[in-house]
Undergrad: 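The structure's right below; bear with me while I get my questions together.
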Amino acid sequence: MDKLTFKTESYLINGKNNERFFPFLELEYNEWVIYENDIPKYFIGLHSDVESDFEIINWLLTELKNGKNLRNLILELGKKYNKNWDIFPSQRGLEIENSYQTEQLELEVFTDKTIDKIKTTPQHRL
């Protein structure tokens with residue numbers, strides 16, 4: 001699987017028992033992080049001016065051009081594969097002062113291979 005490494009920042013959130021919030025402020029327009037169970041897991045780039053080699057990306061772009069909402073598409077796609085996916089983390093709240101920390105995270109590039117891997121995992125086939 002292709003992976004990208006991001007240098008990003010994180011913050012502790014007040015009242016969240018040492019959970020860290022990853023805002024990914026360095027992403028470009030049409031780049032997103034897919035969170036699985038509130039953990040950053042996948043990177044997705046949706047550049048509508050270029051046709052992708054991946055069916056899943058082309059499908060998402062077509063749905064977006066037809067007025068669909070990206071967050072809803074990712075939520076529905078996750079449910080289809082028994083995954084708790086979202087493009088927004090739920091760890092929002094008041095930042096704990098002086099809790100800023102530089103992080104290096106590796107995210108899998110979201111492609112057809114991602115979906116194929118999920119389809120073939122034993123837990124999904126049950």
Side-chain angles (χ1 to χ4, degrees):
M1 300 291 145
D2 292 332
K3 297 192 180 232
L4 295 176
T5 302
F6 287 90
K7 277 192 169 184
T8 190
E9 57 204 33
S10 69
Y11 303 91
L12 289 172
I13 301 297
N14 197 13
K16 295 284 188 169
N17 296 332
N18 294 324
E19 290 182 33
R20 299 201 73 81
F21 170 62
F22 300 91
F24 286 95
L25 301 175
E26 67 280 356
L27 294 177
E28 301 285 328
Y29 175 73
N30 283 335
E31 294 180 343
W32 300 89
V33 171
I34 297 176
Y35 296 82
E36 184 171 302
N37 299 320
D38 269 340
I39 298 169
K41 186 153 184 182
Y42 303 106
F43 168 83
I44 187 166
L46 298 173
H47 303 285
S48 59
D49 55 335
V50 178
E51 186 169 322
S52 174
D53 292 333
F54 303 109
E55 289 180 33
I56 191 69
I57 301 301
N58 289 327
W59 175 78
L60 284 168
L61 288 170
T62 299
E63 293 296 304
L64 291 170
K65 287 176 186 174
N66 288 328
K68 300 283 175 94
N69 175 285
L70 179 61
R71 183 177 190 204
N72 291 339
L73 290 169
I74 296 300
L75 289 168
E76 288 173 27
L77 192 60
K79 285 179 187 174
K80 178 178 178 181
Y81 295 109
N82 298 318
K83 301 290 183 185
N84 183 18
W85 286 346
D86 202 335
I87 58 170
F88 298 116
S90 67
Q91 303 124 310
R92 296 182 182 167
L94 188 60
E95 172 191 338
I96 295 176
E97 192 172 336
N98 299 319
S99 68
Y100 167 85
Q101 182 174 307
T102 300
E103 304 272 353
Q104 187 165 326
L105 296 174
E106 192 172 79
L107 302 177
E108 182 179 325
V109 177
F110 192 78
T111 66
D112 295 345
K113 292 177 189 176
T114 307
I115 299 299
D116 289 342
K117 183 175 82 173
I118 291 167
K119 285 180 182 177
T120 59
T121 56
Q123 70 208 35
H124 184 266
R125 289 184 286 164
L126 293 177

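Note that the structure is a prediction, hence the values are computed from the model and not measured.
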Undergrad: List the residues meeting side chain to side chain donor-acceptor pair (under 3.5 Å) with N84, not counting sequence neighbours, and say none if there are none.
TA: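 By the side chain to side chain donor-acceptor pair (under 3.5 Å) rule, N84 matches N37.
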Undergrad: So how far is it from D2 CG to F110 CZ, rounded to the nearest 0.5 Å?
TA: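 It is 14.0 Å, given to the nearest 0.5 Å.
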Undergrad: Go through the structure and list residues passing side chain to side chain contact (heavy atoms under 4.5 Å, CB included) with E97, not counting sequence neighbours.
TA: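 Residues passing side chain to side chain contact (heavy atoms under 4.5 Å, CB included) with E97: none at all.
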Undergrad: Which residues pass the ring-ring contact (aromatic ring centres under 6.0 Å, His included) test with F54, not counting sequence neighbours?
TA: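 Testing F54 for ring-ring contact (aromatic ring centres under 6.0 Å, His included), a comparison that skips the adjacent residues, returns none.
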Undergrad: Once salt bridge (charged side-chain N to carboxylate O under 4.0 Å, His left out) is applied, do any residues pair with E31, and if so which ones, sequence neighbours excluded?
TA: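 Not a single residue meets the salt bridge (charged side-chain N to carboxylate O under 4.0 Å, His left out) criterion with E31.
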Undergrad: Looking at N69 and N72, would you say the former's side chain and the latter's main chain have a donor-acceptor pair under 3.5 Å?
TA: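 Between the backbone of N72 and the side chain of N69 there is a qualifying donor-acceptor contact (under 3.5 Å).
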Undergrad: For E103, give me all partners under salt bridge (charged side-chain N to carboxylate O under 4.0 Å, His left out), at least two apart in sequence or on another chain.
TA: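 With neighbours one apart ignored, the set is R20.
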Undergrad: Apply salt bridge (charged side-chain N to carboxylate O under 4.0 Å, His left out) to E76 and list each qualifying residue two or more places apart in sequence or on a separate chain.
TA: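 E76 satisfies salt bridge (charged side-chain N to carboxylate O under 4.0 Å, His left out) with no other residue.
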Undergrad: Just jot down the side chain to side chain donor-acceptor pair (under 3.5 Å) partners of W85, sequence neighbours excluded, or say none.
TA: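 Side chain to side chain donor-acceptor pair (under 3.5 Å) check on W85 returns E36.
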Undergrad: Could you list the residues that satisfy side chain to side chain contact (heavy atoms under 4.5 Å, CB included) with L73, not counting sequence neighbours?
TA: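 Result, side chain to side chain contact (heavy atoms under 4.5 Å, CB included) vs L73: W59, L60, E63, L64, K68.
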Undergrad: When clusters are formed from ILVMFWY side-chain contacts under 4.5 Å, directly or step by step, what else is grouped with I96?
TA: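 Traced through the cluster, I96 reaches L12.
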Undergrad: Name all residues meeting the side chain to side chain contact (heavy atoms under 4.5 Å, CB included) criterion together with T102; count only those two or more places apart in sequence or in a different chain, and write none if there are none.
TA: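 Partners of T102 by the side chain to side chain contact (heavy atoms under 4.5 Å, CB included) criterion, ordered by chain and then number, come out as Y100.
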Undergrad: Which residues satisfy the salt bridge (charged side-chain N to carboxylate O under 4.0 Å, His left out) test with K79, sequence neighbours excluded?
TA: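 By the salt bridge (charged side-chain N to carboxylate O under 4.0 Å, His left out) rule, K79 matches no residue at all.
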